[in-house]
Amino acid sequence: MELKILEKLNYEQRQAVKYNKGPLFIIAGAGTGKTMTLTSKVAYLIATGVAPQRILTLTFTNKAAREMKERILDMVGPAANMSWISTFHSFGLRFLRRHISILENGLDEGFVVIDEDDAKKIIRDSIKELGIDEKTFPSTDIYNQVSALKVGYERFYLKSEDLERLLKKYQEYLIDNNLVDFDDLILYTLQILTKEKTIREHYQEAFEYILVDEFQDTDHLQYEILKLLSGNKSEKTICVVGDPDQSIYSFRGARYENNLDFIKDYQAKVITLSKNYRSTNKILSLANKLIKENLDRYPNYSEKHLESDLGSGYPPVFRKFNRDIDEVIYVAEKITELVQFDGYKPTEIAILYRSNYLSRAFEETFIRYQIPYIVYGGVSFFQRREVKDIMAYVRLSLDNSQDFFLKRIINVPKRKLGNVTVQRLEEYSKYIGESMFDAILSFDVAAGTKKELNSFSKIIKKFSEAIEKNINLSDLIDLILNESGYKEMLLAEGDQGIDRIQNILELRGVFKRGEFLYEGDTKEKLTQILDEISLMTDADKNVATEDKVILSTYHQVKGLEFKAVFMVAMEEDIFPNANAIYSKGGLEEERRIAYVGITRAKRHLFLTHSDSRFRFGRKEYNRPSRFYLETMDTMGRVKPSYLGGGSVEYEADSSFEIGDKVEHQLFGAGKIVAIEGEVAVIAFSAEHGIKKIILGHPSLKKSK
DNA sequence: TTACTACATGTTTTT
DNA sequence: CATGTAGTAA
Ligand SMILES: Nc1ncnc2c1ncn2[C@@H]1O[C@H](COP(=O)(O)OP(=O)(O)OP(=O)(O)O)[C@@H](O)[C@H]1O
């Protein structure tokens with residue numbers, strides 16, 4: 001069996017799989033088979049007799065973890081199920097479910113993981129309670145600031161007394177309510193591993209092999225956890241894989257230095273993989289050209305070029321449009337073409353963009369064109385109001401002391417229990433030292449309100465009893481939907497309500513799957529499924545079988561590949577993002593994001609931008625992205641061709657030189673006075689003056 | 001005290 | 001455009 005695993009690999013990959021005597025760093029460019037090598041290593045270890053549960057593999061997304069597990073299952077059979085394969089966060093969650101009470105800070109193993117929206121809500125409330133003026137914080141990202149202070153990313157927050165008070169208040173609230181946020185999953189895990197020798201040694205003993213994918217995006221806390229788990233011993237088998245050029249999470253604390261530190265701290269052996277197996281070479285040369293613009297790169301990395309044996313392939317297509325809607329229609333028509341004439345499956349096609357909001361225009365048009373699609377991220381399925389409401393009912397029914405979730409749904413649907421009543425109940429419950437739910441019983445209010453409270457309490461009790469009696473998970477959702485009045489409320493909303501009910505039925509599907517996936521009684525199953533959902537993203541929900549075009553940010557498709565990739569809205573201020581262009585580091589990270597985007601494509605790559613675009617409901621005019629121009633340059637000759645819809649196809653022309661006389665359709669005769677990248681500064685007659693125009697633009701011609 | 005309506009306010013990227 | 005908040009009617 002070992003041989004079969006190794007068979008599919010090239011020499012370098014095989015060396016990497018077989019080297020298990022000490023720390024190893026596999027450092028290699030996109031599509032060179034890093035993930036495949038890591039997967040094979042796990043399979044190889046199991047096949048050569050290592051107990052699967054002694055291997056810990058840490059991935060960046062849950063989807064990556066799941067796919068890796070499936071592939072290992074294929075290679076070595078059900079033994080793979082015993083192996084630990086998860087994200088750092090899932091690992092932390094699993095760890096804390098067992099050990100959190102040892103912190104003795106008031107949290108117990110029944111804690112609930114809250115998501116970012118919940119955290120923001122708590123922070124907002126804390127701000128109000130502390131009487132802090134919101135405006136003293138830099139704009140919108142209070143959550144990010146609190147989080148950065150919490151985990152110690154000094155570069156990302158402005159030190160202030162208010163911020164510290166706010167974090168303290170927020171943290172108190174979490175602990176009082178037995179809640180844990182994403183950061184806590186890592187922080188508490190690290191704390192316990194640091195302080196508790198017995199536990200630490202247990203895990204050090206348990207994991208003989210530790211493997212980490214996407215190492216370039218680990219942060220300092222995760223690196224500390226790794227060090228503790230590996231016992232800091234250099235003879236331990238710890239293998240990390242990464243590509244410094246694909247480090248795109250610095251905003252979340254991804255630490256570039258981890259790469260070098262790892263080699264230094266562990267005296268790690270380094271293996272590089274050089275051949276790309278994903279893309280045709282015209283796509284790869286675009287990626288090579290782009291990333292060369294970055295000056296701050298991993299040592300000796302700059303001489304690296306991606307190359308494959310897959311031929312030169314189709315030239316990447318550069319397209320400019322007058323209006324955003326033209327761009328969207330072009331993409332829709334191109335997709336239809338790819339599906340109808342090239343036999344592409346929708347799921348092999350991805351539309352990638354820098355910011356979530358850019359998906360909207362595509363969604364609307366795809367519906368018209370009847371193109372099936374799935375959006376990764378943005379308003380995630382699990383963040384939808386109706387989904388979170390139903391989940392809150394489930395959580396409260398499972399554990400009546402969960403005040404946070406009680407507050408969410410006590411007046412949804414409307415039960416005449418408004419802010420004032422809820423606030424008083426909360427104060428009262430604190431006063432008598434009981435949960436809000438229990439406090440209802442002895443809470444003294446106007447008779448009408450009391451009646452409403454009692455009937456709410458009765459509903460929840462009914463759900464709790466159903467859980468005690470081991471109701472089916474999907475029946476529980478039905479019960480909640482029907483008996484809470486939630487369904488009626490949605491039905492009264494009309495069309496939108498129908499959509500929402502659809503979403504809840506989808507959630508019901510997730511619960512139904514959990515029914516079979518997990519062991520134990522209803523309570524235990526619920527706990528597991530709620531845990532899983534709390535760390536799930538849209539990309540995870542997409543079960544492989546769904547044949548839909550993918551709409552996603554670049555960040556969410558890290559590690560994935562598609563036959564055809566559309567990089568859309570390639571415009572300055574959007575990509576690179578306006579906030580990133582003032583620092584070199586920021587700009588280089590944006591460029592790495594573009595590099596990740598290009599290297600997702602196997603066969604077809606389209607880069608598009610539009611002169612005008614609606615944002616905030618207002619029309620804006622944008623210049624093409626510098627990344628668009630930087631890469632277009634590799635394409636050489638001009639090939640202007642006019643097509644319908646006011647759009648224009650062209651390729652860069654490097655044959656213009658300073659001093660050339662040119663003729664412009666609108667501005668007439670002019671002379672090139674400077675060339676900045678692919679933009680020419682041209683002096684026209686006095687009436688038009690100096691203009692900047694993209695070289696190769698069809699309106700611009702060289703005059704003899 | 002609740003619930004509705006008008007208004008303003010703000011979008012980078014995520015486990 | 002879409003969400004949250006402030007102000008007002010009931
Ligand atoms: N030796 C090989 N022979 C054939 N195909 C291979 C080989 N190694 C990798 N591949 C294929 O190349 C593609 C890219 O592999 P993989 O996703 O592991 O690369 P990666 O280095 O992890 O990429 P990224 O950096 O983008 O995450 C996959 O489709 C994989 O099946």
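Please read all numbers here as calculations on a predicted model, not as lab measurements. Letters go in sequence order (proteins before strands), and every chain restarts at 1.
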Name the closest nucleotide to the [X] side chain, picking from [options].
{"X": "A:Asn62", "options": "B:dT13, B:dT15, B:dT2", "value": "B:dT15"}
{"X": "A:Thr421", "options": "B:dT15, B:dT2, C:dA2", "value": "B:dT2"}
{"X": "A:Gln556", "options": "B:dT15, B:dA3, B:dT12", "value": "B:dT15"}
{"X": "A:Lys414", "options": "B:dT15, B:dC4, B:dT12", "value": "B:dC4"}
{"X": "A:His89", "options": "B:dT14, B:dT1, B:dT15", "value": "B:dT15"}
{"X": "A:Asn411", "options": "B:dA3, B:dT12, B:dT14", "value": "B:dA3"}
{"X": "A:Arg124", "options": "C:dT5, B:dT2, B:dA3", "value": "C:dT5"}
{"X": "A:Arg360", "options": "B:dT15, B:dT13, C:dC1", "value": "C:dC1"}
{"X": "A:Tyr249", "options": "B:dT12, B:dT14, B:dT15", "value": "B:dT14"}
{"X": "A:Ser355", "options": "C:dA2, B:dT13, B:dT2", "value": "B:dT13"}

Whichever of A:Asp183 and A:Arg354 has its nearest DNA chain B nucleotide further upstream toward 5':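 Counting from the 5' end, the first nearest nucleotide belongs to A:Arg354.
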Position toward the 5' end of DNA chain B (nearest nucleotide), A:Val422 or A:Phe251: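 Its nucleotide being nearer the 5' end, the pick is A:Val422.
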Between [N] atom [atom2] and [X] atom [atom1], what is the distance in whole Å?
{"X": "A:Phe60", "N": "B:dT14", "atom1": "CZ", "atom2": "P", "value": "10 Å"}
{"X": "A:Tyr223", "N": "B:dT15", "atom1": "OH", "atom2": "P", "value": "24 Å"}
{"X": "A:Ile248", "N": "B:dT15", "atom1": "CD1", "atom2": "P", "value": "11 Å"}
{"X": "A:Leu221", "N": "B:dT15", "atom1": "CG", "atom2": "P", "value": "17 Å"}
{"X": "A:Asn144", "N": "B:dT15", "atom1": "CG", "atom2": "C1'", "value": "13 Å"}
{"X": "A:Asp324", "N": "C:dC1", "atom1": "CG", "atom2": "P", "value": "11 Å"}
{"X": "A:Glu363", "N": "C:dC1", "atom1": "CD", "atom2": "P", "value": "14 Å"}
{"X": "A:Asn419", "N": "B:dC4", "atom1": "CG", "atom2": "P", "value": "14 Å"}

Kindly say if A:Asn356 contacts the phosphate of B:dT13, meaning a side-chain N or O under 4.0 Å from OP1 or OP2.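 Yes, within the criterion.
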For A:Ser90 and B:dT15, is the shortest distance between a side-chain N/O and OP1 or OP2 below 4.0 Å?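 Answer no for this pair, as no side-chain N or O of A:Ser90 is under 4.0 Å from OP1 or OP2.
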A:Asp118 with A:Lys388: basic N within carboxylate O range, under 4.0 Å: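 So A:Asp118 pairs with A:Lys388 through a salt bridge.
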Sort out for me which residue in A:Phe60, A:Phe251, A:Phe575, A:Tyr376 forms a ring pair (Phe, Tyr, Trp, His ring centres under 6.0 Å) with A:His555.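 Among A:Phe60, A:Phe251, A:Phe575, A:Tyr376, the one that satisfies the ring pair (Phe, Tyr, Trp, His ring centres under 6.0 Å) with A:His555 is A:Phe251.
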Only counting residues at least two apart or in another chain, list the ones meeting side chain to side chain donor-acceptor pair (under 3.5 Å) with A:Ser442.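 Per chain and number, A:Ser442 pairs via side chain to side chain donor-acceptor pair (under 3.5 Å) with A:Tyr428.
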Return the set of residues passing side chain to side chain donor-acceptor pair (under 3.5 Å) with A:Ser359 (not counting sequence neighbours), or none when no residue passes.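 With sequence neighbours excluded, A:Ser359 shows a side chain to side chain donor-acceptor pair (under 3.5 Å) to A:Glu363, given in chain and number order.
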So, does A:Glu109 use its side chain to make a donor-acceptor pair with the main chain of A:Ile100 at under 3.5 Å?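 Flag set: sc A:Glu109 to bb A:Ile100 pair under 3.5 Å.
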What is the nucleic acid contact for [X], judged by heavy atoms within less than 4.0 Å: base, sugar-phosphate only, or nothing?
{"X": "A:Glu116", "answer": "base"}
{"X": "A:Arg424", "answer": "sugar-phosphate"}
{"X": "A:Asp115", "answer": "nothing"}
{"X": "A:Ile186", "answer": "nothing"}

Could you check, using the six-membered ring where one of them is a Trp, whether A:Tyr203 and A:His99 have ring centers closer than 6.0 angstrom?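 Yes.
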